[in-house]
Amino acid sequence: MRLLVCGGAGFIGSNFVRVRVRDFGDELVVLDKLTYAGRRENLQDVAHEFVHGSIEDAQVVAAAMDGADAVVNFAAETHVDRSIAEPDAFVTTHALGTYVLLEAARAQQVRYVQVSTDEVYGSIAQGSFTESSPLDPSSPYSATKAGADLLVGSYHHTFGLQTLICRGSNNYGPYQYPEKLIPLMILNALHGDRLPVYGDGMNVRNWLFVEDFARGIGHVLEHGAPGEVYNVGGPDESTNIEVVRAIIDAVGADEDLIEFVTDRPGHDRRYSLGSEKVRALGWEAQMRFHDGLRSTVDWYRDNAWWWEPIRSGDYRAYYERQYGRALG
Ligand code: NAD
Ligand code: DAU
């Protein structure tokens, strides 16, 4: 299959590209704007064609999509804290960018997969969300992702475009930018920096190893029914403080590094996805959280070449703005 992968230089997109080339022999074209989160290094070990451009650019998108059997859209602004501080790019990329991609897919009659998130359902105290749960997003990030999902659905309903939506739970694994909980805590613990836990640390996330999500998206692309939404949730839930303690244990750092800091505004308490529908298609998560977290800690410990340029660049200024303290 020839796939156009938008946002393929980011965390999940680059893992998806690696899985599809390695395990399925697909031909890959990656279109990516290379924001702070998109890096050519993420794809340096995998064969692909690269187009530097944004999904809002109709000309670039049309040319990149030419000859593709399907398009998979990962391109997004993805950090909730950044969406609270500066929402602009979230609106542009998720609303306008998704629209431009859908128009190109419609013109060229290309199957379209939108990579979405459990955050569009909002927070759930007990039980798990199904695909028919109402959308109730909390942050500018999740609200603009929900808007994009609705637009995708409308292109199936109105124009008959073959669309699929995959809503994933919290991913972790190699190549994740260290603004997100797990890589941030691993790198801080390795450096003896403070470990900033928001609020009481009792928020719950449903953890999914990135290669499991990548396989799930590929599975939906190949076996899903057009017009449908598929939840792809991880096998384990954990509070943030449990995650941080497990990282401290794996790194061999000191518990005293934990610092409870001011909570995120509008912080969702718990996410939980029911994934029966994608399981019925034949997908299963293969990695349990305990094992995946250990292997992720090992990956960061062994791949300083990947994170050293990040920790010494603009990220330092971001970190100081976000946490009101410098990195050590
Ligand atoms: P990421 O921030 O690591 O990567 C995003 C990529 O998109 C980067 O390569 C960036 O350069 C690119 N990009 C951003 N704006 C663009 C634009 N306008 N045009 C072209 N490229 C652009 O994100 P990620 O964690 O890999 O997430 C990928 C997708 O998966 C997103 O749609 C996100 O909403 C979704 N998702 C993420 C998670 C998670 O836990 N990380 C869970 C479920 C769903
Ligand atoms: O659920 C899927 C979503 O998961 C994706 O759609 C998003 O793109 C992705 O960023 C992620 O969102 P979260 O807000 O859940 O992830 P984050 O890693 O930012 O935070 C995870 C939890 O950890 C959350 O409860 C906030 C908390 N946290 C986060 C950071 C960065 C801390 O306590 N301290 C921190 O420094």
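Numbers here are sequence positions counted from 1. As the structure lists them, so they are numbered: ligands from 1, and atoms in each ligand from 1.
- The distance between the ring centers of Tyr177 and Phe11 does not fall below 6.0 angstrom.
- A donor-acceptor pair shorter than 3.5 Å can be found between the side chains of Arg311 and Asn188.
- Using a 4.0 Å cut-off between heavy atoms, Asn170 contacts ligand 2 through both its backbone and its side chain.
- Atoms of ligand 2 found under 4.0 Å from any heavy atom of Val197 (numbered from 1 in listed order, with element): 33 (O).
- In this structure, Arg264 fails the cation-pi test against Tyr198, since its NZ or CZ atom is not both closer than 6.0 Å to the six-membered ring centre and inside 45 degrees of the ring normal.
- Atom numbering of ligand 2 starts at 1 in the shown order; those under 4.0 Å from a heavy atom of His79 are 19 (O).
- Summary of contacts: the protein heavy atom closest to atom 21 (C) of ligand 2 is Leu181 CB, 3.8 Å.
- The distance between the ring centers of Tyr230 and Trp283 does not fall below 6.0 angstrom.
- Phe90 and His94 have perpendicular rings, their planes meeting at more than 60° on a 0 to 90° scale where under 30° would count as parallel.
- Atom 19 (O) of ligand 2 has its nearest heavy-atom neighbour, among Arg264, Gln322, Lys180, His267, in Arg264.
- Of the protein's heavy atoms, Arg205 NE, 2.8 Å lies nearest to atom 15 (O) of ligand 2.
- Side-chain contact between Trp207 and Ser238 is present, with heavy atoms from C-beta onward closer than 4.5 Å.
- Counting heavy atoms closer than 4.0 Å to ligand 2, residue Lys145 contributes nothing at all.
- Residue, atom and distance of the protein heavy atom nearest to atom 34 (N) of ligand 2 are Pro196 O, 2.8 Å.
- Ring geometry, Tyr319 versus Tyr323: the interplanar angle falls from 30° to 60°, so the pair is classed tilted.
- Ion pairing of Asp149 with Arg167 is present here, as a side-chain N (NZ or NE/NH1/NH2) and a carboxylate O approach within less than 4.0 Å.
- Between Arg82 and Glu77, none of the side-chain N atoms (NZ, or NE/NH1/NH2) sits under 4.0 Å from a carboxylate O, so this pair counts as no salt bridge.
- Applying the 4.0 Å criterion to heavy atoms of Tyr271 picks out, from ligand 2, the atoms 1 (O), 15 (O).
- Using a 4.0 Å cut-off between heavy atoms, Glu119 contacts ligand 2 through its side chain alone, with no backbone atom that close.
- Of the candidates Tyr319, Tyr177, Trp207, Tyr198, Tyr198 brings a heavy atom nearest to atom 28 (N) of ligand 2.
- Near ligand 1, residues Gly7, Ala9, Gly10, Phe11, Ile12, Asp32, Lys33, Leu34, Thr35, Ala37, Gly38, Gly53, Ser54, Ile55, Glu56, Phe74, Ala75, Ala76, Thr78, Thr93, Val115, Ser116, Thr117, Tyr141, Lys145, Gly168, Ser169, Asn170, Asn171 each place a heavy atom inside the 4.0 Å sphere around the ligand atoms.
- Residues Arg279 and Glu284 have side chains in contact (heavy-atom distance under 4.5 Å, counting atoms from C-beta outward).
- Of all protein heavy atoms, the one lying nearest to atom 8 (O) of ligand 2 is Thr78 O, 2.8 Å.
- Judged by distance alone, the side chains of Glu237 and Ser272 do bring a donor and an acceptor atom under 3.5 Å apart.
- Each of the atoms 25 (O) of ligand 2 lies under 4.0 Å from some heavy atom of Asn203.
- Close contacts between ligand 2 and Glu179 involve ligand atoms 31 (C) [criterion: under 4.0 Å to a heavy atom].
- The protein heavy atom nearest to atom 6 (O) of ligand 2 is Tyr141 OH, 2.5 Å.
- Tyr323 OH, 2.6 Å is the protein heavy atom nearest to atom 36 (O) of ligand 2.
- Between Val243 and Phe289, the closest side-chain pair of non-hydrogen atoms falls below 4.5 Å.
- The protein atom (non-hydrogen) at minimum distance from atom 23 (O) of ligand 2 is Asn240 ND2, 3.3 Å.
- Using modelled atom types, no side-chain atom of His157 and backbone atom of Gly153 make a donor-acceptor pair closer than 3.5 Å.
- The shortest side-chain heavy-atom distance between Val29 and Arg2 falls under the 4.5 Å cut-off.
- Checked against a 3.5 angstrom limit, the closest N/O atoms of Thr117 and ligand 2 fall inside it.
- Taking every heavy atom of Asp118 and a limit of under 4.0 angstrom, the matching atoms of ligand 2 come to 1 (O), 2 (C).
- Relative to the ring axis of Trp299, Arg294 does not place its NZ or CZ within 45° and under 6.0 Å from the centre.
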